[in-house]
Participant: 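Let me begin by handing over the structure; questions about it come next.
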Amino acid sequence: MRKLIAGNWKMNGLASSLEEIETLKGLTGGAACDIVVCPPFTLIEKAAQQARGSHIAIGAQDCHTKTSGAFTSDISAAMLCEAGARFVILGHSERRAVYHETNMIVARKATAAQEAGLASIICVGETRAERDEGIALDVVRRQLRGSLPIAAASANTAIAYEPVWAIGTGLVPTIDQIDEVHRSLRQILEQELGQEGRLVRILYGGSVKSSNASSIFDVPDVNGALVGGASLKASDFAEIISAAA
Ligand SMILES: O=C(CO)COP(=O)(O)O
């Protein structure tokens with residue numbers, strides 16, 4: 001399966017950061033994987049113009065469940081699409097925790113994204129306390145089941161397993177733990193989507209760096225990565241991409 005490597009810039013980046021996309025284009029031409037950069041909303045249109053005609057796609061970090069209406073400050077999937085985005089990250093733990101996004105809201109956002117022509121990267125992941133309690137698999141399985149859009153398919157949906165305790169901490173689960181969770185998520189995808197569930201890409205996210213990327217990509221059901229901090233500098237991100245390719 002062709003790997004998908006997505007960079008989540010989170011709330012980082014001003015216009016000057018677009019240089020990183022220019023550098024990334026040069027460093028990753030011909031890479032045998034799909035590459036997505038998800039800058040903040042304010043940079044999407046410019047980033048998409050810059051990436052036009054290249055192998056890099058642009059994504060957003062959230063969208064609303066509705067296409068339009070009285071939702072001050074929110075942004076719809078259609079708006080993102082018009083600005084040039086092709087992907088959207090949904091249900092990131094930083095949003096689930098702070099904005100109380102439930103699985104049902106994530107599923108509705110993913111359905112809205114799909115209707116607008118965007119592919120979703122749906123995040124799931126347990127907290128440290130949930131892992132210590134031995135319920136990590138139950139948590140991520142429930143999140144995945146509840147967060148899938150109507151008519152999920154490999155063309156419009158990818159999943160990112162991001163253990164909350166591994167995000168931005170430098171901590172990474174063991175290879176066996178990643179393997180166990182990804183296999184379990186694959187099972188759920190097959191139960192929910194049948195044959196199509198085998199083709200949905202499952203990314204790993206949480207402290208991915210060039211030094212650990214290769215061993216993570218060797219896990220059979222790891223089909224890519226969702227990278228935070230190490231996606232901000234083109235040279236770091238390109239090393240992760242080359243480990244995948
Ligand atoms: O949250 C993440 C990507 O969405 C992971 O962030 P880090 O790679 O900085 O740990």
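Both counts, for ligands and for their atoms, begin at 1 and track the order of listing. Positions are given from 1, in the same order as the sequence printed here.
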Participant: What are the two closest non-hydrogen atoms of Ala57 and Phe87, and how far apart are they?
Facilitator: CB-CE1, 4.0 Å
Participant: Note the single closest protein heavy atom to atom 8 (O) of ligand 1, along with its residue, its atom name and the distance in Å.
Facilitator: Gly228 N, 2.9 Å
Participant: Crowded around Lys233 NZ? As in, over 12 foreign heavy atoms under 6.0 Å?
Facilitator: no
Participant: For Gly206, take its heavy atoms, then give the atoms of ligand 1 lying under 4.0 Å from any of them.
Facilitator: 5 (C), 10 (O)
Participant: Any atoms of ligand 1 less than 4.0 Å from a non-hydrogen atom of Leu226? List them with their elements.
Facilitator: 3 (C), 4 (O)
Participant: Does atom CD of Glu19 have more than 12 heavy-atom neighbours from other groups under 6.0 Å away?
Facilitator: no
Participant: Does any N or O of ligand 1 fall below 3.5 Å from an N or O anywhere on Asn8, backbone included?
Facilitator: yes
Participant: Does the salt bridge (charged side-chain N to carboxylate O under 4.0 Å, His left out) test come out yes or no for Lys109 and Asp62, once each step is laid out?
Facilitator: CA-CA 8 Å; Lys109 288 184 172 188; Asp62 185 38; 2.9 Å; yes
Participant: Taking a cutoff of less than 4.0 Å between a non-hydrogen atom of the residue and any ligand atom, is Gly205 in contact with ligand 1?
Facilitator: no
Participant: What do you reckon, does Ser207 put a non-hydrogen atom under 4.0 Å from ligand 1?
Facilitator: yes
Participant: Tell me whether the count of non-hydrogen atoms from other residues, nucleotides or ligands lying under 6.0 Å of CE in Met1 goes above 12.
Facilitator: yes
Participant: Please list the nearest protein heavy atom to atom 2 (C) of ligand 1 with its residue and the distance rounded to 0.1 Å.
Facilitator: Glu162 OE2, 3.1 Å
Participant: I need the atoms of ligand 1 closer than 4.0 Å to a non-hydrogen atom of Gly229, numbered in the order shown.
Facilitator: 7 (P), 8 (O), 9 (O)
Participant: Below 4.0 Å from any atom of ligand 1, is there a heavy atom belonging to Lys10?
Facilitator: yes
Participant: Which of parallel (below 30°), tilted (30 to 60°) and perpendicular (above 60°) describes His182 and Tyr204?
Facilitator: tilted
Participant: Using a plain distance cutoff, I'd like to know if Gly168 has any nitrogen or oxygen under 3.5 Å from a nitrogen or oxygen of ligand 1.
Facilitator: yes
Participant: What's the verdict on side chain to side chain contact (heavy atoms under 4.5 Å, CB included) for Arg2 and Asn223, showing C-alpha distance, side-chain angles and the deciding distance?
Facilitator: CA-CA 7 Å; Arg2 197 175 159 89; Asn223 314 119; over 6 Å; no
